[in-house]
Amino acid sequence: MNLIETFQPSLRGRADRPALWFDGRWYTFGELDRQSDAVARALVSDCGIRRGDRVSMFLGNCPELIVFYLAGLKAGAIVVPMNLLYRERELTHLLTDAEPRVLLCDPPRFEVLAPLRHRFDALEQIFVTGAETPAAARGFGELTEAAPDTPLSVAGISGADPALMIYTSGTTGRSKGALLTHRNLASNIVTLLQCWQWTAADRFLLALPMFHIHGLGNGLHGALASGCTTFLLPRFHADTATELLRREKCTLFFGVPTMYERLLEHADAGGAVPAGMRLYVSGSAPLSPDTFARFKTVFGHEILERYGMSETAMITSNPYAGPRVQGSVGKPLPGVSVRIVDEAGVAVADDETGEIQLRGPNVLKEYWRQPEMTVEAFQDGWFRTGDLGRYDGQGNIIICGRAKELIISGGFNIYPQEIINCLVDHAGVVEAAVIGVPDQRRGELPKAYVVAAEPLPTEAELTAYCTAQLASFKVPKRIVFLDALPRNAMGKLQLQNLPERDCL
Ligand code: AMP
């Protein structure tokens, strides 16, 4: 089964029902279906997109993103979403690596992209949303013009065909494309609908960015597969979100822990608490027991915590019915097998910590054009998450840390090496180290330690340099200058000996 077929009961079966609310406008499932049919046809006939070609999206949450995404899937292309915050360095790497032939962006993102465009030979067409189309681009409206008379058939696309490529950073500091097939995504969303009892009766507030597996693979896919009504926000603000949850009598909300912190702050400051909610889900970063407990007191709901990754979509979940275990990410989803092993791949004792590995229909096909990394990502056929976990004695998994170096800030992943690579490219930096320091609101924040060279740069200069090169969430919030980085006798960096590791 391909992913579009899991959406068809909604797109066609509920064609006249309200699918989406965005900025005061309503869209039916039929409109999304017809528009995406038109765009799919235009991608094939006008842009020459063939099976397996990449098409990319670089824009904020909006209906055009959904239409383009569906169209890319219907055309048999591999859709490559890009993090909105990406800047020169990340864009150059991603577009050179994925080589999309067509890209959709919004006007602000076109401004960022246009000066770099000459670097991307494969990129033939850029479509831009909005009323005014820049001279060097084409308007998205052109793609939706020719409304097709007959529905497009997607029967030729198989479950094994690649559908989505999500870039995820790695310890090398160069992000790699996790290539997910139609089957990976379809099997995962069908399972989630069952586990979370998600139906067409739900009213879902989607405020997560759709360039990430959480917003796209859980949020949008679930909305389209269930046939529920979705209220889409371009970005999360606690006051707008609370207002919509209340006014539209929403039943379902997904967030990262930072969003739950913000909802609590809003309620603490006198904001009214929504009534009628059925389910709040959290993931992408650890939900602190404190946030879980305070949310239960103030909002009257136990947040359902789940665990997943770009490479695998969702892996585990707390139960919908029955108590949710605070501090645990729950049990493997039906069809997913998890093992917790030591470095040799041997299962650890029940109460011991090891690496979480999994097998299942949700596990990625490969890393794009990285056969060696694909091989390294598996041990005896099991996908290595790089996360450390243990069982709680009841079969629930507790994530205890990460074998991989990873900072999670506001639900976004930051691999220190990526920031280090950027810093050392600056003429005033000899070497650098980056760590995550605890932060109440965002979970962690990146802090850099730098050994500088003459002429010595200031912290402000290095911050401005990183801001131009990297997405804002990766820019170190503090840069400390050291004479030397702490190393042991073997020359190995001793991150634990860096000064003031617990604060900015
Ligand atoms: P991403 O590929 O951006 O979705 O990031 C995946 C990583 O986020 C995982 O490997 C974990 O390290 C982390 N993660 C996701 N969900 C959770 C969770 N509920 N608790 C702790 N860490 C999580």
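What's counted below: heavy atoms across the whole structure, side chains too, no hydrogens, waters or symmetry copies. Order of listing sets the numbers, starting from 1, for every ligand and every atom in it.
- Heavy atoms of His214 come nearer than 4.0 angstrom to ligand 1 in no pair at all.
- The nearest heavy-atom contact from the protein to atom 9 (C) of ligand 1 is Asp387 OD2, 3.3 Å.
- Glu261 and Arg294 are joined by a salt bridge, as a carboxylate oxygen and a charged side-chain nitrogen come within less than 4.0 angstrom of each other.
- You'll find the ring centres of Tyr69 and His221 inside the 6.0 Å limit.
- Counting atoms of ligand 1 from 1 in the listed order, those under 4.0 Å from a heavy atom of Asn413 are 1 (P), 2 (O), 3 (O), 5 (O), 6 (C), 7 (C).
- Remark: ligand 1 and Thr385 share no N or O pair separated by less than 3.5 Å (distance only, no angle test).
- A donor-acceptor contact shorter than 3.5 Å links the side chain of Glu302 to the backbone of Arg324.
- Looking only at protein heavy atoms, the nearest one to atom 21 (C) of ligand 1 is Pro286 N, 3.4 Å.
- Formation of a donor-acceptor pair under 3.5 Å by the Asn61 side chain with backbone atoms of Leu208 is found in this model.
- Rounding to the nearest 0.5 Å places CG of Leu205 at 8.5 Å from CZ of Phe231.
- The closest side-chain donor-acceptor pair between Tyr367 and Glu311 falls under 3.5 angstrom.
- At a heavy-atom distance under 4.0 Å, no atom of Ile166 approaches ligand 1.
- Protein heavy atom closest to atom 13 (C) of ligand 1, with residue, atom name and distance, is Ile408 CD1, 3.6 Å.
- Assignment of Thr168 to the shell around ligand 1 is not supported, since no heavy atom sits closer than 4.0 Å.
- The residue from Gly389, Ala313, Gly308, Ser317 that puts a heavy atom closest to atom 15 (C) of ligand 1 is Gly308.
- Salt-bridge check for Asp97 with Arg369: failed, with every basic side-chain N at 4.0 Å or more from each acidic carboxylate O.
- Counting only distance, with no hydrogens or angles, the side chain of Ser56 and the backbone of Leu103 share no donor-acceptor pair below 3.5 Å.
- Looking at Ala285, Gly283, Gly327 and measuring to atom 18 (C) of ligand 1, the nearest heavy atom belongs to Ala285.
- The protein heavy atom nearest to atom 3 (O) of ligand 1 is His212 NE2, 2.8 Å.
- Scanning all protein heavy atoms for the shortest distance to atom 2 (O) of ligand 1 gives Ser310 OG, 2.7 Å.
- Proximity of Leu287 to ligand 1, defined as any heavy-atom pair under 4.0 Å, is not found for any part of the residue.
- Considering backbone and side-chain atoms alike, Glu311 places every N or O at 3.5 Å or more from each N or O of ligand 1.
- When only non-hydrogen protein atoms are considered, atom 19 (N) of ligand 1 lies nearest to Arg306 O, 2.8 Å.
- Between Ser284 and ligand 1, a contact under 3.5 Å exists for at least one N or O pair.
- Here Arg89 pairs with Asp425 in a salt bridge; the nearest charged N to carboxylate O distance falls below 4.0 Å.
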